[in-house]
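Only one structure is covered here, and it is reproduced in the block below.
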Amino acid sequence: MSENAPLPEPQASPDIETAPPARFDTLPLDPKLLRAVADSGYLTMTPIQAKAIPIVLEGKDVMGAAQTGTGKTAAFSIPLLQRMLKHENPSVSPARHPVRALVLAPTRELADQVAENVKKYAKHTNLRSVVVFGGIDMKPQTAALKAGVEVLIATPGRLLDHIEAKNCVLNQVEYVVLDEADRMLDIGFLPDLQRILSYLPKARQTLLFSATFSPEIKRLAQSYLQDPILVETARPNQTASTVEQRFISVTDDDKRAVVKHLIKERSLAQAIVFVNSKLGAARLARTFERDGLRTAALHGDKSQDERLKSLDAFKRGEVDLLVATDVAARGLDIADLPAVFNFDVPFNAEDYVHRIGRTGRAGASGLAVTLVTKSDARLMADIEKLIKRKIDLEAMEIESDRPRFERRPRDESAESIERPERFERPERSERPVRASGPTVRAPAPSADPFFNKPYESSARDEPPAWEKAKAASPVKGLSSYIKPKKQVAALFGVKKPTAPAEG
DNA sequence: AAAAAAT
């Protein structure tokens with residue numbers, strides 16, 4: 001572990017950002033790998049790939065920071081496979097092949113996805129890979145491990161189970177990757193991670209990849225790396241420029257109506273709706289479903305089978321909305337996802353960057369809408385600081401012209417029976433919004449003193465970051481409103497043409 | 001204020 005000796009600063013990697021995009025086939029890669037890359041349809045490298053691959057091929061430790069959706073998985077898996085091929089020894093019997101590369105990920109779904117990618121790039125080689133994670137039967141994983149694998153992809157808890165059951169031996173591991181490294185190094189994961197690393201040889205190549213690296217994590221990460229090369233593209237902690245970010249000032253009661261309004265207004269085919277709690281995700285998914293939107297939920301209280309099914313249905317376009325906790329915030333690659341909603345502002349600013357990184361991937365455009373209530377001001381300031389951007393809140397007022405307690409009956413038979421539902425109060429957000437007339441206003445800042453002084457409620461020792469920024473800049477920041485261009489239209493009756501009959 | 005990861 002780290003001693004008191006000062007940690008070496010990572011060396012800067014050569015800046016090749018100005019060079020034209022390099023093709024994969026200019027790399028010194030085995031034809032088997034080049035063929036797999038070509039099969040995948042990739043021709044040129046993304047900036048993180050162009051920078052990281054040659055360095056990984058040299059055998060150096062790497063700390064890689066790049067925007068979400070820019071191909072970090074390929075950036076480490078392709079060169080690692082190349083290095084493994086170089087030393088391949090086909091004369092050893094398969095049963096004696098030890099695990100040579102270990103990839104750790106913070107969620108089961110992400111581990112699964114990384115494993116798919118590794119398999120794809122390794123398909124023409126005889127390197128075998130397997131993924132192990134919790135929530136599913138250990139036996140097939142055990143059988144695969146005992147048959148022998150070169151590349152093991154895992155979540156920490158289940159891997160420790162397999163280690164303790166002696167299903168795998170990690171004392172021959174030559175390469176370790178921490179995907180979403182800042183999460184793997186955070187307090188919740190660190191003990192497991194340290195135990196796992198204690199089983200590995202010290203002489204190895206270690207790679208850390210993430211879209212966000214806080215200074216503290218960067219420092220901590222140094223103690224797991226040897227003479228690391230810091231590979232950064234653009235600025236770390238940055239969001240993709242192709243993502244349109246909107247921040248809308250709302251009350252809790254109006255959140256759902258705003259989501260549905262924007263889905264309709266922008267004709268969004270699909271969206272992920274992020275919430276902060278598992279229970280909240282389950283509840284919100286049910287109400288959206290009741291409103292006729294095809295919805296799936298993804299959170300840690302669901303069985304692993306349900307989790308995979310939800311994600312799969314969403315990826316295949318069988319559901320329109322995925323209501324998820326931060327289990328879905330990181331790394332998940334969902335092709336052509338047009339929008340992400342932050343129904344709740346995330347507790348960690350880093351997770352904001354990761355959440356909205358689910359859209360606008362691979363250069364596509366995306367929309368990220370964050371619903372901000374008065375109690376979110378502090379979290380918003382953290383986000384503003386992290387992404388180094390001034391955030392303007394849009395006002396969007398939603399009004400009702402329908403009695404408050406009226407709601408759509410669930411089915412025909414229930415229509416005549418007006419019975420109160422147990423455990424559930426009718427929600428104000430069940431109201432329709434007014435179909436016509438001026439429904440949107442941009443109040444003068446003084447109309448809502450809160451956003452002028454967002455921190456009054458919480459006593460703080462030091463002035464919040466945004467205050468300094470504001471003082472330094474004549475332009476208004478978080479406290480300024482911008483006028484929405486469009487007025488809020490009626491939302492109820494919003495139904496996807498593809499929506500199946502419910503019930 | 002929570003979530004994730006082992007059962």
Side-chain angles (χ1 to χ4, degrees), chain A residues 102-115 131-139 141-142 145 152-168 178-197 199 210 212 217 252 255 272-285 297-308 310-311 322-332 342-355 358 371-383 454-455 457-458:
Chain A
L102 175 65
V103 183
L104 294 170
T107 69
R108 298 162 180 176
E109 285 78 7
L110 186 56
D112 203 30
Q113 177 185 297
V114 170
V131 61
V132 302
F133 51 79
I136 56 173
D137 195 358
M138 266 184 95
K139 287 190 213 94
Q141 297 175 357
T142 303
L145 289 172
L152 178 53
I153 301 104
T155 51
R158 181 53 68 92
L159 177 61
L160 282 168
D161 270 359
H162 282 296
I163 293 172
E164 274 149 29
K166 302 218 188 308
N167 296 334
C168 58
L178 304 188
D179 200 6
E180 303 298 341
D182 59 337
R183 171 60 84 242
M184 301 303 295
L185 291 168
D186 93 6
I187 195 75
F189 275 109
L190 203 53
D192 279 357
L193 182 67
Q194 285 175 329
R195 273 181 65 206
I196 291 167
L197 294 179
Y199 290 100
S210 185
T212 55
I217 292 292
D252 283 318
K255 284 182 172 184
I272 297 184
V273 181
F274 281 106
V275 296
N276 284 353
S277 76
K278 293 181 280 194
L279 188 59
R283 282 184 183 153
L284 185 62
L298 179 57
H299 56 78
D301 273 350
K302 284 185 153 281
S303 72
Q304 193 53 37
D305 186 48
E306 290 172 315
R307 280 168 60 163
L308 292 172
S310 284
L311 186 59
L322 185 67
V323 181
T325 60
D326 281 322
V327 69
R330 285 167 177 263
L332 292 189
N342 291 312
F343 199 84
D344 299 327
V345 178
F347 289 127
N348 298 321
E350 274 89 6
D351 285 331
Y352 172 79
V353 174
H354 288 278
R355 283 178 177 189
R358 295 318 98 218
L371 305 183
V372 185
T373 66
K374 293 186 178 187
S375 52
D376 296 325
R378 182 170 179 172
L379 300 174
M380 291 303 297
D382 290 345
I383 293 172
Y455 290 99
S457 55
S458 56

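What's counted below: heavy atoms across the whole structure, side chains too, no hydrogens, waters or symmetry copies. In this text, all values refer to a predicted model and were calculated from it rather than measured experimentally. Chain A is the first sequence line, chain B the second, and so forth, proteins listed ahead of strands; every chain is numbered from 1.
Among residues two or more places apart in sequence or in another chain, the salt bridge (charged side-chain N to carboxylate O under 4.0 Å, His left out) test is passed with A:Arg283 by none. Under the side-chain contact (heavy atoms from CB on, under 4.5 Å) criterion, A:Asp326 pairs with A:Phe274, A:Ala329, A:Asp351, A:Arg355, not counting sequence neighbours. Applying the salt bridge (charged side-chain N to carboxylate O under 4.0 Å, His left out) rule to A:Asp179 yields no partners; only residues at least two apart in sequence or on another chain are considered. With sequence neighbours excluded, the residues satisfying side-chain contact (heavy atoms from CB on, under 4.5 Å) with A:Ser310 are A:Ala296, A:Lys302, A:Leu322. Under the rule for a salt bridge (charged side-chain N to carboxylate O under 4.0 Å, His left out), the partners of A:Glu109 that lie at least two apart in sequence or sit in another chain are A:Arg307.
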| task | List the protein contact pattern of nucleotides 2-7 of chain B with one symbol per nucleotide (5' to 3'): B for base contact, S for sugar-phosphate-only contact, - for none; contact means a heavy-atom distance under 4.0 Å. | result | BSSBBS
